[in-house]
Amino acid sequence: MNPTVNKTILDNGVRVVSMTMPHVRSVSMGVWVHVGSRDESEAESGLSHFIEHMIFKGTVRRTAFQIAKEFDAIGGQTNAFTSMEHTCYHARVLDSQLETMVDILSDIFLNSVFDEREVARERPVIVQEIGMVEDSPEEWVHTMMGPAFWGGHPLGRSILGSRENILGFDSQTIKAFFKRLYQPDRIIVSVAGNVDHDRFVEKVEPVFSSIAAGNGFAPRSVPATGCGIIRKHRDLEQSHICLGMNGVSVDDSRRFAASLLNTIFGGNMSSRLFQIIREERGLAYSIYSFLTSFADTGMFGVYTAVAPPDLDASVDLIMDQFRRLKREPVSDDALRDAKEFTKGNLLMAAESPDNQMVRLAQNEYCFGRVIPIESVIDNIDAVTASELLSLAEDLWNSGDAALTMLGPGVDRTDLSGRLAL
């Protein structure tokens, strides 16, 4: 049976979207808020992520231990994440435990107390999380790319915030931010799996319809992209590199071409970067390209880590491949393989209730409706080699790439002319 998609808008603007997948035994539910770290001022940087932590730290009805114990008792998996534009609180359980999952998730979302004692206990935890990222060279060089590419815009800041901010946040600060930004018209409750839409709405409507409408808040500022260079010396075995170029927004009509371009460039083991940098030259163990897309902008990036003496050669090889994408069309075989790879990953992901729950919410935020998988596949199949060439020319017409480097010797590298597109 094909999955069925439904949508209900509650009186206060909260949207409930569902996908019924009768062939599975589980249900994945997410409570999404269209609020992320780009909605924070510099003084608020880190608050969205702090709230994500605090949501699980106790409600009027449950302690933090009871929340964890009740989820464990039903065999549930629960977590949360914060991005630049969204925050999501999600869980997955057997279909027989749906009512309990709805009760717990709605309780922590609507009734968290943000107790000052719990806030004090969580501050050092988040500070340790910041340290954990800094201790991971791959993660840290990606974080450094934020200010190199987005400059002083909120997109250029770490989602985790700064240590100074985290240590200064208190219960009142968190409550005020939550009340101001967690508004009903920015909330989506998405669910996928063996679930009936009408019965699910019956369970969530009484609690989520109680959220009062807010006064709105300022629209997000549109960032300018840049070509900054940030280098940090660190005593490591490898030098870590991240390059950033212009990309596409989440609703750009060229997003299908961008996805295929990314696959061909560095998205899998047969990609150009993997074959040239790793297989032919043996310069790196890990190398890949990636797309980062937001509502109004995007970045196309590359990451690798190499031995310090190979730093210059690796940057040159990567930039040569960027320029090649602007200069000559990809082969029919490469385009065909990229399409099959992309469609295969898309269809396999569609078998997962977790992935479908995420897709439901993201489609609703970006397009106001669910885009059928069949439509996505048709758009992927329709991309031509000339479109890829035109996209590369448009995105990387001129200027320099942004670059971040972390490791030994990176501060002595001569980059003159190397980053020109």
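It should be emphasised that the depicted structure is a prediction, and the values quoted were computed from it without experimental measurement. Heads up: numbering here begins at 1 and tracks the sequence.
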**Message:** Let's go through S48 and E40 carefully: what are the C-alpha distance in whole Å and the side-chain angles of both, what is the deciding distance for side-chain hydrogen bond (donor to acceptor under 3.5 Å, both in side chains) to 0.1 Å, and is it a yes or a no?
**Reply:** CA-CA 8 Å; S48 295; E40 303 163 345; 2.9 Å; yes

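- Residues L10 and P184 fail the side-chain proximity criterion, which asks for heavy atoms closer than 4.5 Å.
- Side-chain atoms of H240 and H142, non-hydrogen and from C-beta on, never get closer than 4.5 Å to each other.
- Atom CD1 in I230 sits 6.0 Å away from atom CE in M144 (nearest 0.5 Å).
- No side-chain heavy atom of V119 sits under 4.5 Å from any side-chain heavy atom of F169.
- Judged by distance alone, the side chains of N262 and S259 never bring a donor and an acceptor atom under 3.5 Å apart.
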**Request:** Take R163 and E134 through the test salt bridge (Lys or Arg N to Asp or Glu O under 4.0 Å) and record every step on the way to the result.
**Result:** CA-CA 12 Å; R163 287 178 175 85; E134 292 175 351; 2.8 Å; yes

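- Checking S37 against H49 by side-chain atom types alone, no donor-acceptor pair falls below 3.5 Å.
- S270 and N268 share a donor-acceptor pair across their side chains, judged by distance under 3.5 Å alone.
- Look at R324 and E328 and you find a salt bridge, because one of the NZ, NE, NH1 or NH2 atoms lies within 4.0 Å of a carboxylate O, short of that distance.
- A donor-acceptor pair shorter than 3.5 Å can be found between the side chains of N246 and T225.
- The backbone N or O of T63 lies less than 3.5 Å from a partner atom in the side chain of Q66, making a donor-acceptor pair.
- The two residues L273 and S289 come nearest to each other via the heavy atoms CD1-CB, 4.5 Å.
- Here the side chain of R180 pairs no donor or acceptor atom with the backbone of F177 at under 3.5 angstrom.
- How far CD1 of I74 is from OG1 of T100: 5.0 Å, rounded to the nearest 0.5 Å.
- To the nearest 0.5 Å, atom CD1 of residue I104 and atom OG1 of residue T78 are 8.0 Å apart.
- Between N6 and F200 there is no side-chain heavy-atom pair separated by less than 4.5 Å.
- Under 4.0 Å is where a charged nitrogen must lie from a carboxylate oxygen, and between D107 and R62 at least one such pair does.
- Considering all non-hydrogen atoms of both residues, I188 and A361 come closest at CD1-O, 4.0 Å.
- For the atom pair CZ (R220) and CG (L155), the distance works out to 9.0 Å, reported to the nearest 0.5 Å.
- A donor-acceptor pair is defined here as one N or O able to donate and one able to accept, closer than 3.5 Å; no such pair exists between the side chain of H90 and the backbone of D354.
- A salt bridge is defined here as a Lys NZ or Arg NE, NH1 or NH2 lying under 4.0 Å from an Asp or Glu carboxylate O, and K69 with D72 fails to meet this definition.
- Once rounded to the nearest 0.5 Å, the distance linking CZ of R38 with CG of D296 reads 4.0 Å.
- Q275 and M269 make their closest contact through NE2-O, 2.7 Å (heavy atoms, listed as atom of the first residue, atom of the second, distance).
- A distance-only check finds no donor-acceptor pair linking the side chain of K203 to the backbone of L98 [under 3.5 Å].
- Note on ring orientation: taking the six-membered ring where Trp is involved, the planes of H86 and H34 are tilted (angle from 30° to 60°).
- For Q183 (side chain) and A213 (main-chain N/O), no donor-acceptor pair under 3.5 Å exists by modelled atom type.
- Each of F56, Y182, W32 was checked for a ring pair (Phe, Tyr, Trp, His ring centres under 6.0 Å) with F109, and the lone residue meeting it is Y182.
- Counting heavy atoms from C-beta outward, V248 and L391 have side chains that approach closer than 4.5 Å.
- When all heavy atoms are compared, the tightest approach of I166 to L160 is CD1-O, 3.5 Å.
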**Request:** Give the intermediate values and the outcome of salt bridge (Lys or Arg N to Asp or Glu O under 4.0 Å) for residues E116 and R123.
**Result:** CA-CA 11 Å; E116 186 60 52; R123 288 191 197 106; 3.0 Å; yes

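- The backbone N or O of S286 lies less than 3.5 Å from a partner atom in the side chain of T304, making a donor-acceptor pair.
- The backbone N or O of G368 sits less than 3.5 Å from a side-chain atom of K7, completing a donor-acceptor pair.
- Here C88 contributes atom SG and M29 contributes atom CE; the two are 10.0 Å apart, rounded to the nearest 0.5 Å.
- Just one of Y285, F274, F290, Y288 meets the ring pair (Phe, Tyr, Trp, His ring centres under 6.0 Å) condition when paired with Y303; it is Y288.
- Contact check for R61 versus D103: side-chain heavy atoms found under the 4.5 Å cut-off.
- Within the 3.5 Å criterion, the main-chain N or O of F208 finds a donor-acceptor partner in the side chain of N12.
- One finds no salt bridge joining R281 and D310 here, because no Lys/Arg side-chain nitrogen approaches an Asp/Glu carboxylate oxygen to under 4.0 Å.
- For R186 against Y365, the heavy-atom pair with the smallest separation is O-OH, 2.8 Å.
- When atom types are taken as modelled, the side chain of K343 and the backbone of D381 share no donor-acceptor pair closer than 3.5 angstrom.
- In this structure, V306 and L311 have side chains that are in contact, with non-hydrogen atoms separated by less than 4.5 Å.
- Annotation for V410 and K232: closest pair CG2-O, 3.3 Å, computed over non-hydrogen atoms.
- R359 is listed as a side-chain neighbour of I373, based on a closest heavy-atom distance under 4.5 Å.
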